[in-house]
Protein chains: 2
Amino acid sequence: MTGIHDLAREVGVSTATVSRALRGLPRVSESTRERVLEAAVRLGYVPSPHAVGLASGGQTRSVAIVVPFVTRWYFAAVVHGAEQVLREQGYDLLLYNLAGDSAARHRVLRTQVLTKRVDAVLVVGLGPTAEEIAAMQRQGSPVVTLGARVEEWSSVRIDDVEASRTAMRHLLDLGHRRIAFVGGLGEDGLDFTTPTARLEGYRSSLHDVGLPLDPALELDGRFTLDGGVDCGRAVAAMDQRPTAVFCASDEMAIGLMSALRESGLRVPEDVSVVGVDDHEMARFFDLTTVRQPVHEQGRIAAQQILRSLGGADGPAEVAPEHVELATELVVRATTAAV
Amino acid sequence: MTGIHDLAREVGVSTATVSRALRGLPRVSESTRERVLEAAVRLGYVPSPHAVGLASGGQTRSVAIVVPFVTRWYFAAVVHGAEQVLREQGYDLLLYNLAGDSAARHRVLRTQVLTKRVDAVLVVGLGPTAEEIAAMQRQGSPVVTLGARVEEWSSVRIDDVEASRTAMRHLLDLGHRRIAFVGGLGEDGLDFTTPTARLEGYRSSLHDVGLPLDPALELDGRFTLDGGVDCGRAVAAMDQRPTAVFCASDEMAIGLMSALRESGLRVPEDVSVVGVDDHEMARFFDLTTVRQPVHEQGRIAAQQILRSLGGADGPAEVAPEHVELATELVVRATTAAV
DNA sequence: TTGAAAGCGCTAACAC
DNA sequence: GTGTTAGCGCTTTCAA
C-alpha cells in the first residue's frame with residue numbers, strides 16, 4: 001500500500017505539502033498540486049481513513065442507521081432515501097438492523113458500540129426510551145429520529161394519529177359502524193410509537209362519533225403479513241363480524257384480505273379493508289390506504305443529520321427541528337358502503 | 001472522551017497493561033484485569049476504532065455490502081442474512097446501494113473508495129466485469145459474490161439456468177407450447193448475470209423440445225413491478241397470445257398478472273404465469289414459482305467472508321469456494337393445463 | 001509556498 | 001506481570 005510518504009518522496013516534497021495539495025487547501029502552488037495529483041493517481045494512493053480520522057479529531061465520515069427491520073418495504077425505502085443523500089455528501093452508511101431482536105436493540109441503543117464509530121445516528125421507527133435517550137446523548141454524536149418525536153433531537157414523521165383518523169373517517173363516511181382494528185404492540189420486544197399512535201387514532205375516531213370501544217375488535221397483527229393472516233381468520237370467525245377493518249399497515253391488510261377471502265368472505269362486499277403506507281404492492285391488491293411519503297422521510301432525515309453535522313467546521317449546535325409530513329387517503333377498491 | 005491514558009492513570013498502571021487487560025490477553029494478573037475492567041466501565045471508556053485500526057495494521061472490523069437495489073425484497077433479505085452473521089462476529093456492515101445507478105457502480109467497483117475502509121466486500125447480484133475484478137483485486141481485500149460466479153472469489157448462488165428450466169418444464173408438462181418470457185437485460189446500465197442466465201434457461205428449454213424461438217415472445221420487464229405491468233399489457237395485446245408466461249422474477253409476474261386481469265384475461269384459464277424467487281408476497285397472489293433460498297444465501301456469503309478473513313491471525317489465503325444452492329418448484333394456482 | 005516536527009490514541013516489541 | 005518505547009499514516013502548528 002502506498003502511503004503519503006511514498007507519494008511525498010515520489011514528487012520530491014514533504015508529506016505536509018502532499019496533504020495540503022490533495023485536500024485542495026490553499027498555499028500550494030498550482031504546479032506542485034498538479035504533480036502531486038498526478039502521482040497520486042499513478043501510484044494509486046488512497047489515504048487511510050484511520051489515520052485521517054485519528055489525526056483530524058476522530059471524524060469517521062459515516063453515519064449509523066438503526067432500523068428495526070430491513071426486509072420490510074417501508075424500512076428499506078427509508079434506508080434508500082437516507083443513503084442517497086448521505087452518500088452525495090461523502091458519508092458512508094453503517095447499517096444496524098435490529099431484526100426484531102430486543103437484545104440487539106439494547107446493544108445498539110444502550111451500550112456504547114456506536115461511540116467513535118460514526119459521526120451521527122439515524123434511528124428509524126423506534127421510540128427511544130428515556131434511558132436510551134440518555135445513553136445516546138452521552139455518546140455525544142447528533143441523533144435524528146424518523147417515525148417518532150424526541151424533543152431533544154430533530155425528527156421526521158407523519159402524524160400517525162391523524163393518519164389513522166383519515167382512514168377511519170373514510171370508513172365512517174361509508175356508513176361503517178362496527179370497525180375492527182388490526183395493529184401491533186410491543187412488537188418482538190421492541191418499543192415503537194407508531195403502533196400506539198395508530199391505535200389511538202382508531203379509538204378517538206370511534207369516540208368522536210359516539211361509538212363504543214370493543215376490546216374484541218382490537219387485534220394484534222404484529223405488523224407482519226402473517227399477523228394479518230391470523231387476524232383475518234379471527235375476523236372471519238367472529239360471531240358479530242365487523243363490516244370493516246382498519247389495518248395499521250398495508251402488509252397486515254394484505255395478509256388479512258387473503259385470509260378473509262380464503263374464508264369465503266368478499267372484500268369489500270362483506271368486509272371493507274383499509275391500510276396505511278401505500279406499500280408498493282398496495283395497488284396490485286386494489287387496497288384503499290393512507291399514503292405516507294417513505295423515501296422522502298429518509299431523505300429529509302438525512303438532511304437533518306447533515307445539518308447537525310455542520311459544514312467543514314464540525315458539528316454545529318443546531319436547534320432540533322421537527323418535520324411532520326402530510327398523508328393522503330388513496331381510495332381504491334377494498335372499501336365500499338355498508 | 002476518556003482515552004486509554006486516563007484509564008491507565010486512574011488504575012495506576014501503564015497503557016500497555018490496560019490494553020492487554022481490556023483485550024483479554026494473557027500476562028495480566030487477575031486483580032489488575034478486574035481493576036482495569038471496572039474503571040473502564042466506570043469512566044465509560046471506549047477505544048477509538050481509528051487508533052486501534054492504525055496501530056494494529058489497518059483492520060476496520062467492517063465489511064462492505066454492495067447491492068444494486070435495497071428496496072427490492074430479494075436484496076433486502078440478502079442484506080439481512082449477511083448482516084446477522086457478520087454482526088455476530090463483531091463486524092459492522094457498510095451499505096453501498098447502487099440504486100440502479102451505473103455511475104455509482106463505477107465509483108464503488110472501479111475506484112478505490114472501498115480501499116482501507118473495509119476488511120472485505122460482498123458483491124450482491126452483480127456480475128463484475130473483467131476491469132472491475134481487476135480493480136477490486138488491486139484493493140487487496142477479499143471479495144465474495146452472491147448471485148454470480150467469479151472464479152477468483154468465493155461465491156454463493158443458485159443455478160439460474162436450471163431454475164428457469166424448472167419453471168419451463170412445469171409449463172411444458174402442462175402442455176403449453178407458446179410461452180413468453182419476461183426478463184430484463186442491462187438493467188439501468190448495470191450488468192447482471194442473472195437475467196442472462198434465466199433467459200438462457202428459457203431458450204434452451206424450448207430448444208430441447210424442438211420449439212422455435214420467437215423474438216416477439218421475449219419481453220423486457222426490467223425486473224420491476226412496473227416492467228411486469230408493461231409486459232402484461234403487451235401480452236394481452238398480442239395477436240397470437242401465448243398461453244403461458246415465464247417471468248424471471250416474482251415481482252414482474254405480479255405486475256404482469258395485474259395487467260393481464262385488467263385486460264380481461266384470466267389467470268390461469270387464459271394465461272398461465274410462473275415466476276422465480278418465492279417472494280414473500282407470492283403466496284398472496286397464489287403465484288406458482290421457483291423458490292430460491294434468499295436469506296440463506298446472505299448467511300452463507302457472510303460465512304465465506306469470515307472464512308477469508310481468517311481467525312485472529314489475519315486474512316488466510318483460502319481457496320475460492322463456490323456454493324450452489326438448490327431451488328424448488330412451488331406449484332400454486334397461477335398455472336394450469338392448456 | 002514549503003518543510004520539520006509534534007502529536008492523534010492505540011498496539012506491539014522488547015526489556016525488566 | 002508490567003513498563004518503556006516505537007511506531008501505525010496522517011494532519012497541523014510553527015518556522016523558514
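Quick caveat: nothing in here was measured; it's all calculated off a predicted structure. Reminder, nothing fancy here: chain letters follow the sequence lines and each chain counts from 1.
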Inset, instruction - Would you kindly compare A:Gly3 and B:Arg33 by the position of their nearest DNA chain D nucleotide and give the one closer to the 5′ end? - result: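 This one resolves to B:Arg33.
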Legend entry - Upstream residue (5' side of DNA chain D) when B:Val13 and B:Ser56 are each assigned their closest nucleotide: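 Whichever sits nearer the 5' end wins; that is B:Val13.
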Inset, instruction - Establish, with yes or no, whether the OP1 or OP2 oxygen of D:dT2 is under 4.0 angstrom from a side-chain nitrogen or oxygen of B:Thr32. - result: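 B:Thr32 to D:dT2 OP1/OP2: side-chain N or O found under 4.0 Å.
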Inset, instruction - Kindly say if B:Ser14 contacts the phosphate of D:dG3, meaning a side-chain N or O under 4.0 Å from OP1 or OP2. - result: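 Answer is yes, contact under 4.0 Å.
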Rounded distance (Å) that lies between atom [atom2] of [N] and atom [atom1] of [X]:
X	N	atom1	atom2	answer
A:His50	D:dT11	NE2	P	15 Å
A:Arg27	D:dT11	CZ	C1'	15 Å
A:Arg61	D:dC10	CZ	P	17 Å
B:Leu7	C:dT11	CG	C1'	15 Å
B:Glu34	D:dT2	CD	P	12 Å
B:Arg117	D:dG9	CZ	C1'	15 Å
A:Leu54	D:dT11	CG	P	11 Å
A:Lys116	C:dG9	NZ	C1'	8 Å

Inset, instruction - Would you tell me whether B:Asp119 and B:Ser141 have side-chain atoms, one donor and one acceptor, within less than 3.5 Å of each other? - result: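 Looking only at side-chain atoms, B:Ser141 and B:Asp119 do not form any donor-acceptor pair under 3.5 Å.
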Legend entry - Polar side chain donor-acceptor pair, A:Gln84 to A:Arg299, under 3.5 angstrom: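 Short answer, yes.
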Inset, instruction - Using heavy atoms and a sub-4.0 Å distance, could you list which residues of residues 15-25 of chain B are near DNA chain D? By number, please. - result: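 Residues of residues 15-25 of chain B that come under 4.0 Å of DNA chain D are, in numerical order, B:Ala16, B:Thr17, B:Arg20.
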Inset, instruction - Just grab all the ring-ring contact (aromatic ring centres under 6.0 Å, His included) pairs involving residues 15-64 of chain B, residues at least two apart or on different chains. - result: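 Pairs touching residues 15-64 of chain B that pass the test: A:His50-B:His50.
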Inset, instruction - Identify whether the distance between the nearest side-chain nitrogen and carboxylate oxygen of A:Arg61 and A:Asp92 falls below 4.0 Å. - result: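 Result for this pair is no, no salt bridge flagged.
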Legend entry - Basic-acidic side-chain contact under 4.0 Å: B:Glu30, B:Arg33: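 Result for this pair is yes, salt bridge flagged.
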Inset, instruction - May I have the step-by-step check of side chain to side chain donor-acceptor pair (under 3.5 Å) for B:Arg149 and B:Thr145, ending in yes or no? - result: CA-CA 7 Å; B:Arg149 180 181 176 127; B:Thr145 57; over 6 Å; no
Legend entry - Nearest-0.5 Å distance, CG of residue A:Leu114 to OG1 of residue A:Thr60: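 The distance works out to 9.5 Å.
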